[in-house]
Novice: 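Questions regarding the structure given below will be posed in turn.
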Amino acid sequence: MKDKRIAIVKRAVKEIQDGMNVNLGIGMPTLVANEIPADFNVLLQSENGLLGIGPYPVEGKEDPDLINAGKETITTMPGSSFFDSAESFAMIRGGHIDLAILGGMEVSETADLANWMIPGKMVKGMGGAMDLVNGAKRVVVIMEHVNKHGESKIKKECSLPLTGQGVVHRLITDLAVFDFTDKGMMLIETMEGITIEEVKEKTAASFTVAPEFAEVK
Amino acid sequence: MSKVMSSFPKAVSDIRDGASIAVGGFGLCGIPEKAIQALCEQGTKDLTIYSNNCGVDNWGLGLLLANKQIKKMVSSYVGENKIFEQQFLNGELEVELTPQGTLAERMRAGGAGIPGFYTATGVGTPIAEGKETKKFDGKTYLLEKGITADFAFVKAWKADTLGNLVFRKTSRNFNPLAAMAGKITIAEAEEIVEPGELDPDEIHTPGIYVQRLLLGTDYQKRIERRTVVTAR
């Protein structure tokens, strides 16, 4: 894993509190599971019908009837439950999931998220992302701060089609952490060795620096 | 009249060109392998399929795609399939992308006699285009319609001869909802027992939703992403 992603994942896991029910998106968010403190009672939800995802199975113990939303073979934790897809999304849409950590392509300064399609490329589909961003109590997006051309992925307005409008509570990148509040987008932390000036330079969106601002060590 | 049939070709024989079918499964997990194969061999065309995914290139609903039997797919995620992409770009295949929770609830609602419902999912996104909205307590919601289908294909782990179904682990997924949405639900199970042998408390789908029941054997249960840890 690239250093940038390690830093994002390590910061993202701090969002998880003991006792939470959490949904982790496919890709980088899935890696957050490995960092959850062992003494925490956290149930991870898989939208295909499981609350209480366990680790990957030992080789030879894979069960084709037991997968996560990324279609990977998994196991269950003690205390887990299975249910159908409508029940799964009742949990999500009904506000019973404490936290969703999702990947992003673009986030706007007004908390819009785009993470499901790029015009001109084949559309794969939104899966459960639109349900999660509107239903989870708290939505945290994790993504790299700039794209491979060095352009800010944090925009004044998203240029890509939206997954949800005004839905992001917190954004964690390899440079900084932002909150979306009534007073707009606020910088609350910079990653170790990153200055506010550098964040400003690499961010297309406008933001203010929160009174509680700190540098993550 | 018994719901139990012994021939998959016979169970799908009255599915005509242009029919709609709700199909259970998530990825390749819990898919009705046998009914799909029988419909593939029958060659029925211009189908509208309601299913979360569309299989992979050579398995599951991908078989019906490769055979050009599908006219329209209503799904939440179709990214695993190259034939899908080709047919979509050629204009041979119509696609209605529906958020996963909305799709599940549309099937459940359709099967429950609820023609539509409001949800916050999709507000302000491309899928809201052309849909009615309504405000409840100052928040905007989209009107989504219930789904009913001419047929449904579902895959259970155990069944009794009255069509009561039990699913295993995460292979349950969309199966109970497809069963509700189908006017004629064709269920296949790995084991069929006599009434009374299943505990009424353990039944996931009551037999009232199932019109035809078949025993399936030699399930492939393909795994899309085999992820393991090495034993210590």
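Proteins come first, then strands; the chains are lettered A, B, ... in the order of their sequence lines, and each starts at number 1.
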Novice: Answer yes or no on whether B/K134 is positioned over the face of B/F136, meaning its NZ or CZ is under 6.0 Å from the six-membered ring centre and within 45° of the axis.
Specialist: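 Yes, B/K134 lies over the aromatic ring of B/F136.
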Novice: Identify, with sequence neighbours excluded, every residue that meets salt bridge (Lys or Arg N to Asp or Glu O under 4.0 Å) alongside B/K169.
Specialist: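 Applying salt bridge (Lys or Arg N to Asp or Glu O under 4.0 Å) to B/K169 gives A/D63.
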Novice: If you count heavy-atom pairs within less than 4.5 Å of chain B, which of A/E87, A/M117, A/E47 leads?
Specialist: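 That would be A/E47.
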Novice: Is the NZ or CZ atom of A/K71 positioned over B/F26's six-membered ring, under 6.0 angstrom from the centre and within 45° of the axis?
Specialist: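 Positive - A/K71 is close enough to the ring of B/F26 and near enough to its axis.
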Novice: Counting only non-hydrogen atoms closer than 4.5 Å, does B/K139 touch chain A with its backbone (N, CA, C, O), its side chain (CB onward), both, or neither?
Specialist: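 The answer is the side chain of B/K139.
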Novice: B/F153 ring centre to B/K34 NZ or CZ under 6.0 Å, with the angle to the axis within 45°?
Specialist: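 Ring-cation test returns no.
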Novice: Between A/I92 and chain B, with a heavy-atom cut-off of 4.5 Å, which part of the residue counts as in contact: side chain, backbone, both or neither?
Specialist: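 The answer is neither part of A/I92.
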Novice: Can you say whether B/N53 sits under 4.5 Å from chain A via the side chain, the backbone, both, or neither, judging by heavy atoms?
Specialist: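 Interface part for B/N53: side chain.
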Novice: Below 4.5 Å from any heavy atom of chain A, which atoms of B/P176 appear? Answer side chain, backbone, both or neither.
Specialist: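 Only the side chain of B/P176 comes within 4.5 Å of chain A.
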Novice: Do A/K156 and A/S206 have side-chain atoms, one donor and one acceptor, less than 3.5 Å apart?
Specialist: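 A/S206 and A/K156 do have a side-chain donor-acceptor pair below 3.5 Å.
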Novice: Do A/N134 and B/T121 get their side chains close enough for a donor-acceptor pair, meaning under 3.5 Å?
Specialist: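 Short answer, no.
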Novice: With only heavy atoms counted, which part of B/S75 is less than 4.5 Å from chain A, the side chain, the backbone, both or neither?
Specialist: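 Contact with chain A involves no heavy atom of B/S75 at all.
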Novice: Of the listed residues (B/R168, B/M107, B/E105), which shares the most heavy-atom pairs with chain A below a 4.5 Å separation?
Specialist: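 It is B/R168.
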Novice: Only pairs of heavy atoms separated by less than 4.5 Å count here; which of A/G166, A/G70, A/A90 has the most with chain B?
Specialist: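 Highest number of heavy-atom pairs under 4.5 Å: A/G70.
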Novice: So that I can tick it off, tell me whether B/R172 and A/D84 are bridged by a salt bridge, with the cut-off set at under 4.0 angstrom between side-chain N and carboxylate O.
Specialist: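 No.
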Novice: So for B/L97, is it side chain, backbone, both, or neither that comes closer than 4.5 Å to the heavy atoms of chain A?
Specialist: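 When you check distances to chain A, atoms from both the backbone and side chain of B/L97 fall under 4.5 Å.
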Novice: Could A/K14 and A/E189 be called an ion pair, given the rule that one side-chain N must be under 4.0 Å from one carboxylate O?
Specialist: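 So A/K14 does not pair with A/E189 through a salt bridge.
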Novice: What part of B/F88 gets within 4.5 angstrom of chain A, counting heavy atoms only: side chain, backbone, both, or neither?
Specialist: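 For B/F88, the contact with chain A is made by the side chain alone.
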Novice: Of the options B/R106, B/K145, B/K131, which is the one that meets B/E96 in a salt bridge (Lys or Arg N to Asp or Glu O under 4.0 Å)?
Specialist: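 That would be B/R106; it is the only one of B/R106, B/K145, B/K131 passing the salt bridge (Lys or Arg N to Asp or Glu O under 4.0 Å) with B/E96.
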Novice: Side chain from CB out, backbone as N, CA, C, O: work out which of these in B/R108 comes under 4.5 Å of a heavy atom of chain A, or both, or neither.
Specialist: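 Contact with chain A: side chain only.
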Novice: Measure distances from B/L103 to the heavy atoms of chain A and classify the residue's part below 4.5 Å as side chain, backbone, both or neither.
Specialist: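 Neither part.
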Novice: Non-hydrogen atoms of chain B under 4.5 Å away: do they reach the side chain of A/T76, the backbone, both or neither?
Specialist: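 When you check distances to chain B, no heavy atom of A/T76 falls under 4.5 Å.
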Novice: Need one label for A/D112: side chain, backbone, both or neither, based on atoms under 4.5 Å from any heavy atom in chain B.
Specialist: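 Interface part for A/D112: neither.
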Novice: Heavy-atom pairs under 4.5 Å with chain B: which of A/G127, A/S80, A/A86, A/S88 has the most?
Specialist: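 Looking at each option in turn, the highest pair count goes to A/G127.
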